[in-house]
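A short write-up of the structure that comes next.
In what follows, every chain begins at residue 1, and chains take the letters A, B, ... in the order their sequences are listed.
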2 protein chains.
Amino acid sequence: MRPSLKQIANALNLSTAAVSKALNDYPDISLATKKIVKSYVKKVGYKANIQATYLRTQKTMTIGVILPDITNHFFLEILKGIMTQANKNKYTIILGHSKESEAEEKKLIYQFLQQKVDGILMSLAQDTSRFEHLNKVINNKTILVLFDKLARTINCSKVFVDDKKGGFKATQHLIKKGCTKIAHFRGDLNPQNSIDRYLGYREALSFHEIKFDPNKVLISRKGSVKEGYLLAKKLYESGIKIDGLFCVTDMVALGAIRFFKERKINVPNDICVIGFSKTMVGKFVNPSLSTVDQKASKMGKMAMKLFLSEEKILKTEKRLENQSLQLNTKLIKRESTSKVS
Amino acid sequence: MRPSLKQIANALNLSTAAVSKALNDYPDISLATKKIVKSYVKKVGYKANIQATYLRTQKTMTIGVILPDITNHFFLEILKGIMTQANKNKYTIILGHSKESEAEEKKLIYQFLQQKVDGILMSLAQDTSRFEHLNKVINNKTILVLFDKLARTINCSKVFVDDKKGGFKATQHLIKKGCTKIAHFRGDLNPQNSIDRYLGYREALSFHEIKFDPNKVLISRKGSVKEGYLLAKKLYESGIKIDGLFCVTDMVALGAIRFFKERKINVPNDICVIGFSKTMVGKFVNPSLSTVDQKASKMGKMAMKLFLSEEKILKTEKRLENQSLQLNTKLIKRESTSKVS
DNA sequence: ATAAATTACTAAATCGTTTTAGTTTATCTT
DNA sequence: AAGATAAACTAAAACGATTTAGTAATTTAT
């Protein structure tokens with residue numbers, strides 16, 4: 001059993017107050033006593049009980065992370081970034097999985113608030129359209145940092161990728177490969193990401209003076225492989241001819257490629273395909289998948305850093321101050337767009 | 001701000017004791033009072049402060065999970081299983097990432113013990129060869145459940161896959177496809193899993209009266225794609241001819257396949273390849289990869305259930321009682337072994 | 001009608017820290 | 001040498017719950 005402060009104090013013939021102060025480097029404890037206390041504490045392996053400490057300090061050194069999809073490699077890279085940064089700063093991560101559901105997300109937030117986390121870092125669920133639960137976090141004076149999938153209107157720190165520029169890069173890459181009839185399988189109408197990627201697509205078209213054709217834009221609600229397959233089928237059967245395809249996620253792109261393969265349509269020679277997100281899989285498939293890297297790990301790192309800087313400000317100024325961080329994407333060229341134009 | 005017990009008590013003209021007892025259904029509080037308290041508490045949204053509760057009950061309703069590799073799909077499926085089960089039982093998960101390092105693993109365990117988790121569910125790091133940190137968990141009267149990568153000698157609950165039978169199934173599948181010269185890229189010498197898969201390989205060979213050839217067994221230390229590629233190259237350049245290959249992980253198998261593709265060796269017609277673990281990728285590559293499914297999600301679920309049952313026993317009998325659970329694997333037949341024999 | 005038992009509470013201690021407000025002892029002024 | 005200052009502590013309250021022991025009021029037993 002770990003010793004308590006009281007036991008340490010008894011053993012050293014000091015008051016608990018003196019021991020506590022010595023450990024927290026209060027100026028009214030002599031250097032000699034501090035040395036004695038610290039060396040003894042080290043010897044017996046004493047560590048302050050976090051729960052007891054919380055009762056006075058209101059700090060748990062714990063942050064809650066909510067991911068919409070725990071089996072998605074992208075989010076795990078983010079999580080890795082967060083954890084590395086968190087550990088460096090002695091924070092513990094408690095993990096929540098919203099399963100892309102607003103209801104789950106809400107539950108998790110309430111759970112985390114009850115657990116008295118010092119902050120919540122999260123990406124919104126696909127589902128999420130109302131934001132009272134997020135405002136509750138802020139009103140609770142708990143630091144909130146949104147990453148990737150977020151809502152612009154929430155007054156908190158944010159890290160996100162420049163999706164519009166990413167969409168632009170992806171589309172422009174297809175254009176440079178000589179594609180002129182470029183379709184887009186966009187995400188759901190709601191989340192900002194899919195809107196921005198779509199806008200980037202449109203901007204690239206107009207920048208290169210290619211006429212926009214609304215019939216070439218289909219919506220993928222869940223972003224799954226299966227949906228990609230079905231959308232490709234739908235487009236194919238509608239008779240619309242394309243030579244390039246930009247998909248809102250790698251998974252959708254993989255589904256589309258699978259369909260094209262079935263119909264003996266060659267990727268990239270007949271149709272160039274590019275995804276978005278740089279999931280693990282894309283590297284191993286055949287043809288390997290071109291994509292837009294969102295720098296997931298950096299995003300996680302930055303989310304945690306935003307938390308830490310807010311925390312610092314909060315300690316001194318007692319008010320929340322937030323900032324937005326926009327990260328750049330990187331085009332990853334692979335076989336699925338390796339046509340010589 | 002959430003109200004405290006005291007505030008509730010004041011509002012209802014009761015003592016804090018009465019309110020606390022009412023909420024915890026003590027028999028010495030009248031039904032009428034309980035009703036009043038509960039409905040009021042619901043109205044104002046009171047939730048007991050977990051940290052304060054801990055101080056008396058020693059229960060945090062938190063369990064620590066340590067994964068060796070957070071970007072490995074297999075572990076994430078396990079985590080998903082654990083989390084689903086945990087949430088059902090009002091437990092919170094705190095997550096640790098050992099990065100396959102014993103030192104990190106040790107640190108995490110000490111951190112979790114300090115956090116006073118009610119239990120630790122973990123898979124050992126590749127690295128781990130000494131076990132004092134695990135024994136410290138047990139001596140601390142904290143429930144320990146090991147899953148997947150574990151040490152037989154530790155006296156705690158365990159969930160693992162019947163790797164030997166899995167290795168047997170994989171190898172037998174190759175044999176049934178007509179392969180007679182079957183190589184095995186095994187894992188490191190240490191962990192039980194790779195030993196068992198190797199033993200299953202040997203058993204299948206001898207069961208089907210195929211002579212074992214030690215030259216056909218190579219060791220992959222890290223289980224990476226790159227290593228798989230290099231081992232395949234090494235085997236190929238050594239001049240040893242094979243028509244079947246069983247790899248300790250899907251990643252190693254993918255690396256090997258990549259090499260065979262480069263040399264225009266057809267998979268499955270020239271060489272059948274099978275992996276182990278059912279990672280996401282295997283389904284999407286070309287040829288799609290046959291593998292042995294470890295039922296990761298079930299493993300997570302079971303690990304959590306073992307924890308819960310130990311917890312229950314501990315509450316009534318004040319002693320740890322552990323059990324081992326061995327799960328069966330499932331052969332997943334895909335293109336990489338789809339030769340007609 | 002009185003004692004015993006039961007019911008439905010309350011007071012106060014407790015968990016392990018931190019922190020405010022003293023208190024003692026030694027040191028410095030003048 | 002007396003008072004002021006500073007140094008180095010201690011006592012006790014506080015955080016927010018739970019729980020043991022005790023108590024008043026009511027009911028039951030005889």
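A salt bridge between E104(A) and K106(A) is absent, with no side-chain N of the basic residue lying under 4.0 Å from a carboxylate O of the acidic one.
On a pure distance criterion of 3.5 Å, a polar donor-acceptor pair joins the side chain of K21(B) and the base of dT10(C).
DNA chain C lies under 4.0 Å from at least one heavy atom of each of the following residues of residues 51-60 of chain B: L55(B), R56(B). Contacts between residues 22-36 of chain A and DNA chain C, defined by a heavy-atom separation under 4.0 Å, are made by N24(A), Y26(A).
Each end of the helix from dA1(C)-dT30(D) to dT30(C)-dA1(D) gets its own axis from five base pairs, and the two axes differ in direction by 50°, given to 10 degrees.
The salt bridge (charged side-chain N to carboxylate O under 4.0 Å, His left out) pairs that include a residue from residues 46-61 of chain A are K59(A)-D118(A), K59(A)-E311(A), where partners are two or more places apart or lie in different chains. For residues 24-52 of chain A, no residue pair satisfies the ring-ring contact (aromatic ring centres under 6.0 Å, His included) rule, not counting sequence neighbours. Listed by first and then second residue, the salt bridge (charged side-chain N to carboxylate O under 4.0 Å, His left out) pairs involving residues 13-22 of chain A are K21(A)-D28(A) (not counting sequence neighbours). Pairs passing the salt bridge (charged side-chain N to carboxylate O under 4.0 Å, His left out) check and including a residue from residues 81-90 of chain B, sequence neighbours excluded, do not occur.
Counting only N and O atoms by type, the side chains of E310(A) and S157(A) include a donor and acceptor under 3.5 Å apart. S30(A) and T33(A) form a side-chain donor-acceptor contact under 3.5 Å, judged by distance and modelled atom types alone.
Residues passing the side chain to side chain donor-acceptor pair (under 3.5 Å) test with Q115(B) are T92(A), sequence neighbours excluded. When the side chain to side chain donor-acceptor pair (under 3.5 Å) test is applied to D148(B), the partners found at least two apart in sequence or on another chain are N193(B). In this structure, the ring pair (Phe, Tyr, Trp, His ring centres under 6.0 Å) partners of Y91(B), at least two apart in sequence or on a different chain, are F307(B).
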For residues 67-78 of chain A, dump all side-chain donor-acceptor pairs below 3.5 Å to protein atoms at least two apart in sequence or in another chain.
residue: D69(A); atom: OD1; partner: T71(A); partner atom: N; Å: 3.0
residue: D69(A); atom: OD1; partner: T71(A); partner atom: OG1; Å: 2.8

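Bracketed by its first and final contacts, the part of DNA chain D lying under 4.0 Å from non-hydrogen atoms of chain B reaches from dG16(D) to dA21(D) in 5' to 3' order.
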